[in-house]
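Have a look at the structure below, then the notes.
Every chain is numbered from 1, with letters handed out A, B, ... down the list of sequences.
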There are 2 protein chains.
Amino acid sequence: MKDKPVWQRQRRAAREAPPLTREKIVAEAVALLDEEGTAKLTMRRLAQRLDAGPTTLYWHVDTKDDVLDLALDAVFGEVVLPEPTGDWRADVRALVTGWRAAMLRHPWSAALVGRPMVGPNVLARTEFLYAALVRAGFTKAALATAAHGLANYVTGSALTLTTARSEDGLVAAEYLVEQWESYPTLVDNGHLREEDWDAVFAQGLESFMDGLESLRS
Amino acid sequence: MKDKPVWQRQRRAAREAPPLTREKIVAEAVALLDEEGTAKLTMRRLAQRLDAGPTTLYWHVDTKDDVLDLALDAVFGEVVLPEPTGDWRADVRALVTGWRAAMLRHPWSAALVGRPMVGPNVLARTEFLYAALVRAGFTKAALATAAHGLANYVTGSALTLTTARSEDGLVAAEYLVEQWESYPTLVDNGHLREEDWDAVFAQGLESFMDGLESLRS
DNA sequence: ACCTGAACACCGTTCAAGT
DNA sequence: ACCTGAACACCGTTCAAGT
């Protein structure tokens with residue numbers, strides 16, 4: 001029986017080296033998004049970076065939206081789950097600060113929040129948030145208010161900040177200044193020209209938690 | 001001199017009837033988005049609805065993103081600017097409630113907030129918000145905290161709600177229930193299964209404003 | 001089980017040309 | 001001043017076929 005020609009053996013070896021997995025696809029998608037942003041994420045370009053044919057991805061994933069969902073959940077995987085301390089405000093603060101930091105490291109992520117978030121990493125963090133609030137004495141409507149309010153606050157803050165920092169955002173801020181006559185209060189108070197976003201975030205979080213105190217039972 | 005043939009005169013008349021304007025384009029875009037959602041908005045389909053060639057829109061608008069920016073600003077145009085009452089909480093509550101309602105009437109709008117919002121309608125509402133807060137005694141960092149926090153709270157709430165109500169959102173909620181063992185607190189407390197979203201929103205808003213009181217000077 | 005190429009039905013946008 | 005059609009350089013996704 002005749003042996004296979006060299007080329008074929010080389011091809012096989014080369015191909016066996018990196019068997020594509022869903023994990024690799026997601027990791028590469030995150031890298032692509034970090035480097036070039038949402039608009040540049042294409043199934044074809046993603047496949048190219050993985051040395052795969054453009055249609056190969058569809059064996060591991062059903063659709064491009066799947067890739068985005070998985071990438072977003074991967075970002076949440078970076079959020080460390082804090083050790084519960086017994087102080088609900090400390091627990092919430094720790095979680096939510098890490099949550100925001102992860103989104104800021106991946107500026108494309110905040111804008112993806114308009115899709116249902118039921119990935120395991122998201123749910124684990126949300127579970128922690130609920131658990132911390134339950135321990136603090138929030139129940140029923142008050143619990144829903146606190147949990148959704150806090151989650152909305154973090155993601156909203158992250159989205160506002162990444163938008164403001166984007167190229168378009170900086171142009172927009174300059175454009176606003178030119179319109180002092182129409183929007184004096186905005187311009188005089190530096191809307192979109194904030195410098196210390198971290199402090200704004202932290203102060204708002206404390207204020208919100210202050211306001212939630214009276215909802216505990 | 002020979003008169004023009006009939007067909008030509010008919011064509012002209014027919015064409016002169018609806019001269020395309022940016023306003024008409026935006027109105028039609030909003031209608032299309034309301035009916036079919038963001039994914040279905042296409043320059044070609046939009047043009048078709050306006051009885052125009054696919055490339056005609058580009059005389060009135062530079063890019064598809066322009067259309068989206070204009071459509072989003074149009075939504076904010078529906079938010080009525082309340083009469084200032086002297087009670088800062090009443091003013092903020094009125095503004096922010098109308099703001100949320102407008103976004104809920106156009107469920108696609110919340111997900112568009114990741115672009116810089118410097119349209120005249122957005123800015124007028126934001127100016128009102130800042131002015132109300134300045135009247136209430138917020139300045140500097142406290143003002144930025146209150147303004148951004150409240151804005152993030154509204155848009156975040158609207159986004160969470162429209163996402164939860166979407167087709168994918170309902171599927172996601174069912175999927176979550178199946179995972180009681182992994183996320184007991186979430187499932188037991190009806191995360192994503194909220195019924196009275198209006199109450200959750202209102203209670204969170206009051207809590208936040210409670211917490212902001214101490215920042216006034 | 002995993003990967004490929006060809007092909008389908010679309011996209012946004014440009015531009016020379018028309019009226 | 002406003003509109004058009006043809007054309008370019010892409011898309012996401014399907015599917016029969018390969019190994």
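- Side chain of B:T56 to main chain of B:G53: a donor-acceptor pair is present (N/O by atom type, distance under 3.5 Å, no hydrogens or angles).
- For residues 57-74 of chain B, proximity to DNA chain D is found at B:W59, B:H60, defined as any non-hydrogen atom under 4.0 angstrom from a strand atom.
- The closest donor-acceptor contact from the side chain of A:E28 to the backbone of A:L50 lies at 3.5 Å or more, if one exists at all.
- Distance CZ (B:R22) to P (D:dC2): 12 Å, rounded to an integer number of Å.
- For the contact set between residues 26-48 of chain A and DNA chain C, defined by any heavy atom under 4.0 Å, the members are A:R44.
- Between C:dA9 and D:dA9, the two P atoms lie 22 Å apart (nearest whole Å).
- Residues in residues 116-126 of chain B take part in these side-chain hydrogen bond (donor to acceptor under 3.5 Å, both in side chains) pairs, two or more places apart or across chains: B:D73-B:N121.
- Listed by first and then second residue, the salt bridge (Lys or Arg N to Asp or Glu O under 4.0 Å) pairs involving residues 196-208 of chain A are A:R89-A:E206, A:R93-A:E206, A:R100-A:D198 (not counting sequence neighbours).
- A salt bridge is defined here as a Lys NZ or Arg NE, NH1 or NH2 lying under 4.0 Å from an Asp or Glu carboxylate O, and A:R49 with A:E35 meets this definition.
- At whole-Å resolution of the value, CG in A:L20 and C1' in C:dC2 are 9 Å apart.
- Side-chain N or O atoms of A:T42 include none that pairs as donor or acceptor with a backbone N or O of A:R44 at under 3.5 Å.
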**Watson-Crick or G-U pairs under 3.5 Å in DNA chain D, rendered as dot-bracket with [ ] for crossing pairs and | for another strand** = ||.|||||...|||||.||
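- Aromatic ring pairs are classed by plane angle as parallel below 30°, tilted from 30° to 60° and perpendicular above 60°; the pair B:H148 and A:H191 is parallel.
- Using bins of under 30°, 30° to 60° and over 60° for the plane-to-plane angle, the ring pair B:Y153/B:F201 lands in the parallel bin.
- Shown here are the side chain to side chain donor-acceptor pair (under 3.5 Å) partners of B:E78, two or more places apart in sequence or in another chain: B:R105, B:H106.
- Atom OG1 of A:T162 sits about 5.0 Å away from atom CG of A:L159, to the nearest 0.5 Å.
- OP1 or OP2 of C:dT4 has not a single side-chain nitrogen or oxygen of A:T55 nearer than 4.0 Å.
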